[in-house]
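First up is the structure itself, then whatever we jot down about it.
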Amino acid sequence: MSRLFAPAPTPRLLAAYLVIGLVGSVILIYLLHRGLGPRGRRWLIAVVTFVAGLFYGLEFYYPVHNRKNFLTDWIEPVSVMIAVIGAFTVGLGIYSLCQVHGRNVARRRPGWPNSLAFFVAFLAMLVFGLWSHYTPVGEPAPKVLPWQNGVYEVLFNGLFAPLQTATFSLLAFYIASAAYRAFRMRTAEAALMMIAAFIVMLGQVPVGAWITSGIPLTSPWAFFRLETLGEWILNWLNMPAQRGIVFGIAVGALAMSLRVWLSLERGTFFSEQR
Amino acid sequence: MTQAPPHGFWQRMQQIPRYYIYALLAGVVIWQLLFPIRLPIAPSRATLGVRDAIRNVPEDKIVIISVDWDASTQPETGPQTQAIIEACFQLKKRFAIMNLAAPMGVKLANDIALRVARRYNAKYGVDWCNWGYKVGQGNFLMAVAKNIPKAVATDFYNKPVSELPMMRGVENISSIGLVVEVTGLAGMTELWLGLIQGPYGTPFASAYTAVMAPGYYPYLDSGQMKGMLVGAKGAAEMETLVNRPGSAVAIMNVQSWAHLLIIVLIVIGNVAYFMGRRRPGEGRR
Amino acid sequence: MNPQLWILSAGAIATVLRGLTAALRDPQLWILWAGAIATLGVYTILYRENPVSRFFEHIFVGLSAGYLLVATWAFNLEGRWWDPMIHERRWYWIFAPVVGFLFYFIYSRRLSWLARLVMGLFFGAGAGTFFREFFPLYSPQLYASFKPLRPDAQVGWAAVILHNWLFVIVLLTVLSYFFFALPHEGRAGRNLGRAALLGRWFMMIAFGAMFGNTVMARISLFIGRMRFLLKDWLGSFIPWLAHRGM
Amino acid sequence: MATLEHANWFMRGLFAAMSAIIVASVLLAQRGREMFIRRIPGLTAIEEAIGRATEMGRPILFSPGLDGIGIITLQALAILAYIVRLAAAQATRLIVAIRASEVYPVAEEVVREAYDAAGRPEAYRPEDIRFISDEQFAYALGTVGLMARERVATNFLFGGFYAEALILTENGRALGAVQVAGTPDPTQIPFFIATCDYVVIGDEFYAASAYLTREPTLTGSLVGQDIVKGILVALVLLGVGIATYLGGAANEAHNLLWQALARGSQ
């Protein structure tokens, strides 16, 4: 088996193997497409899903002899292959983005200049990102960078990063206005949540510790210092509740994985043919 | 607003336009940035756990800092990453930056590492290195556990990882002394604990955005996690531990007063709401 | 407009222009000024949705898509696929793009089953990986819950009650909230309903902790941005701001 | 720290039992066996909220969340179908605010079928299913504008929500609307509790759509999960019992259940 996967001895043979591999797999896919009817296709998908799940799961549960079983040596090569296959899906998101903005520009829809700005930004980052990647400056960085690295730094640290940080920092304003206009203790549940929130909020910041710094650390009342009370709520009320939620999520994820692994989603929404 | 025109005092109090509140928040923040009232910052048990986890890394092993964050959480995860890198340099532990998601993280963390390394005249490839953003999540981790050079292949500067001096002898997970996960993304910790820390016992520590932290206290209690930095508060505590007070300490000073403002806003909002309700004819409730 | 206002605004404009001209010479300052303009551009959305903020939004989406492609090639495809296939002449790596491109058939109606075939491979691998993770991830959560309910040498009654007893009660009541196949009627059912209600109340405290932390997180994002605007940007040409010790 | 590179016999048995229980209950449900799922209180809150909108003669707004076609959004649309049936019976107008473009056609289909099922096909108004924007914050601000213009009396938010959820519920509360929300992911739940009248929490979200749709895979899976959660509760009680008997010091070393869960096979 490993002889089959040995590297090709010479570049010319490599080219031959690549062509054979490529043409061979295209033919195989074509035969599968022609040969299989809808039932056959659904069967093949279910078998592929089952085998992939069995491979990863069985290696953990199968009895071992000095930390190895017959699958252990295959985990690493298969994982590397599937990881790299996953890398090729990067185009999916970008394809739909380019489709949407391409249509806006082509049909001069309102706001098409913004779609043009999307393409300019996309190509600028792509070109200067790769260009500066292949002209590394090494260490320590010289005072004046090559101009393409300079442009990349301005694009990345001057536009890309600050735009994202600024967008998410808007949330502080929304929380402040919601704090005044919308956070109401109308139900007992909301009141209990707010009181716990106040204690934890004050317990986390220096002014909270300052407010109850009057209570000496040694006295039995030290438990009610805001930072101690906050830590106690986080470690002994919040923690068990979160563990209960974690167990709920664990069992839910186990059920979901089993249903996906055995293709039991037949009845639900998944079976709709798009 | 389509409500009935406010007549009582409490009704007007409830109709204050949001721009006043935005100005109030910005005012408090700018006031405390310009004229900070410094208050002591005492490191919590969880932060000490991270510092001790770094200190206990054996000499022949390296630390992995998984920077699964992007600029959307930079004010929290940036100082956390910097404080952890400072601690690694001070305690003379070699570390490798990498991440599984949010590809921006490796570039942002690399800029931080270059800045800090200059102060400790640490050399890239000898004292620290950067593997870059690696696709595959769980599959990548299962490959790293068995064969790091093959799984990682090339580093941030496009050089084969096996050629870096510090990576000589780093074959698989047994040469990793600690994994520190800095992130604002859910699911990353579960991958590291389920595929690396659980099976091979590799020590694990974390640094979360404050939003995520409460959900991970169970993993602190069970000992799967040696320590946890909680948002800018954890970063400020770590900065004080490595005595390099930086942006996180400044943020926490302002945070005190911003929290007081939010609490006051909630209390007044509720008082205005409940007082307003007592007046009959305010619309069917 | 009274004269003082004129002098004040002229002074301000002069300062900003002085800063801008200095920035043109040093690329590091380019980054500062671009960052400040981007931040202020996004903050215009606070007033209301406007063309400036929408323009910056599209710039961001474009930069993000571009960087994703750069990072996927530079840190992954080149070193983990192209080099092994071409330089180490491992021919079987040709199968990676072939299988990978099957995903793109999701867009064609006739061939979309091939996309579901490769998705089945990934869903199956994901399910199998979860089966491997289950015990290494969750069994420590189970055995860390085995807390003794009586005091011993190190731990007194107060600590046991305040920690272990409370732990077990909160854990079990929260878990009881997520039982859906048992009715809340009948004697046992009503007790289960009461336990679930108590569980929901304990969860409110946990959500309170999350609420407090979320407020802290969101506010520190804004403080970080304001610190950048005051200390890094304005501080670069207004010395008084640079030494405020932020 | 015991390492767990491979499972020991106890874990093999436990995992096999848990998996068999879940798979068996799903298969039984798919073969027609009736699976009991209790009615969660959230559904009563939904009915009261619809009643209020009918009384005030003002429309209802439903947001299926921000995610594309997936498990969470599809179950949110199942809850939407239930709400449409109730609203149609009381002749109250319902507006749906969509974020993901691929959800739009599915939502239209679900609403039209629900109106037919309620026997009021003529009440279906396609223009009330509105695509707002696919950008997160533009969707939130656009939906808020819609709430104010249509003077909405009741807001339903079911599905996947993120940082923008606060903008939706804050403005809904300020407009005096009754709000019921539900999402499986815990991070947004605190803000829903602070601003809404009732919140469906975590797995309750899945129970709601299982109860409404009687979908065999969902109901069978939930019943199987309940039995497995029962096993976990039993393990915790057993472990706590042994720990209490042994006392804190000897707990880790001599607690057999602890060892069985910690020590993998070498």
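Protein chains get the first letters and strands the later ones, always in sequence-line order, with residue 1 at the start of each. Both backbone and side-chain heavy atoms feed into the values below; hydrogens, waters and symmetry mates do not.
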I'd like to check [X] versus [Y] (side-chain heavy atoms, cut-off strictly below 4.5 Å). Are they in contact?
X	Y	value
A/Ser96	C/Tyr107	yes
C/Phe56	A/Asn114	no
C/Met119	A/Ile45	no
C/His58	A/His101	yes
A/Phe247	C/Leu142	yes
C/Phe103	A/Leu92	yes
A/Met201	C/Met216	no
C/Phe122	A/Ile82	yes

If I measure from the heavy atoms of chain C, does [X] come under 4.5 Å with its side chain, its backbone, both, or neither?
X	value
A/Ile245	both
A/Phe173	side chain
A/Phe119	neither
A/Ile75	side chain
A/Val80	both
A/Leu18	both
A/Leu130	both
A/Val260	side chain
A/Pro38	neither
A/Leu159	both
A/Leu44	both
A/Leu254	both
A/Leu262	neither
A/Ala46	neither

Just give me the residue among C/Ile94, C/Ile223, C/Asn164, C/Val118 that pairs up with chain A most often, heavy atom to heavy atom, under 4.5 Å.
->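 Winner by heavy-atom pair count: C/Ile94.
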If you count heavy-atom pairs under 4.5 Å with chain A, which of C/Thr173, C/Ile219, C/Thr129 comes out on top?
->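 Looking at each option in turn, the highest pair count goes to C/Thr129.
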Contact part of [X] toward chain A, heavy-atom cut-off under 4.5 Å: side chain, backbone, both or neither?
X	result
C/Arg225	side chain
C/Arg110	both
C/Ala144	both
C/Leu137	neither
C/Thr72	side chain
C/Ser64	both
C/Leu114	side chain
C/Gln141	both
C/Phe207	both
C/Val98	side chain
C/Leu172	neither
C/Phe167	both
C/Ile205	both
C/Ser176	neither

Neighbour count above 12 (heavy atom, 6.0 Å) for C/Gln28 CD =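 Open: at most 12 neighbouring heavy atoms sit under 6.0 Å from CD of C/Gln28.
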Neighbour count above 12 (heavy atom, 6.0 Å) for A/Tyr30 OH =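 Atom OH in A/Tyr30 is not packed in, count stays at 12 or less.
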So, for [X] and [Y], which heavy atoms are closest and what is the spacing to 0.1 Å?
X	Y	result
A/His133	C/Phe75	CE1-CE2, 4.1 Å
A/Gly21	C/Phe95	O-CE2, 3.8 Å
A/Met125	C/Gly66	CG-C, 3.8 Å
C/Gly208	A/Ala196	CA-CB, 4.2 Å
A/Tyr56	C/Gly128	CB-C, 3.6 Å
A/Leu36	C/Trp113	CD1-CH2, 4.0 Å

Mind ranking [options] by heavy-atom pairs under 4.5 Å with chain C and telling me who comes out on top?
options	result
A/Leu258, A/Ile233, A/Leu155	A/Leu258
A/Ala172, A/Pro240, A/Gly244	A/Pro240
A/Tyr17, A/Phe160, A/Trp261, A/Phe118	A/Phe160
A/Gly93, A/Ser79, A/Gly57	A/Gly57
A/Asn157, A/Leu170, A/Val48	A/Leu170
A/Ala161, A/Ala253, A/Gly158, A/Gly248	A/Gly158

Verify ring-ring contact (aromatic ring centres under 6.0 Å, His included) between A/Phe183 and C/Phe211, making sure each step is shown before the conclusion.
-> CA-CA 11 Å; A/Phe183 293 164; C/Phe211 181 94; 5.1 Å; yes
Distance-only check: which donor-acceptor pairs under 3.5 Å involve side-chain atoms of residues 83-91 of chain A, not counting sequence neighbours?
from    : atom 1 : to      : atom 2 : distance (Å)
A/Thr89 : OG1    : A/Gly86 : O      : 2.6

Begin with the C-alpha distance, continue with both residues' side-chain angles, and end with the deciding distance and a verdict on side chain to side chain contact (heavy atoms under 4.5 Å, CB included) for A/Met81 and C/Tyr92.
-> CA-CA 10 Å; A/Met81 176 63 87; C/Tyr92 51 84; 4.2 Å; yes
Give me the ring orientation class for A/Tyr152 and C/Tyr67: parallel if the planes are under 30° apart, tilted from 30 to 60°, perpendicular past 60°.
->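 Aromatic pair A/Tyr152/C/Tyr67 classed parallel.
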Just checking, any donor-acceptor pair under 3.5 angstrom between side chains of C/Tyr43 and A/Ser169?
->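 Checked: C/Tyr43/A/Ser169 side chains pair up, N/O donor to acceptor below 3.5 Å.
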Reported CD-to-CG distance for the pair A/Gln164 and C/Leu63, which is rounded to 0.5 angstrom =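 Nearest 0.5 Å value for the CD-CG distance: 10.5 Å.
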Using atom types as modelled and distance alone, determine if a side-chain donor or acceptor of A/Tyr61 lies under 3.5 Å from a backbone N or O of C/Phe131.
->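 A pair under 3.5 Å: yes.
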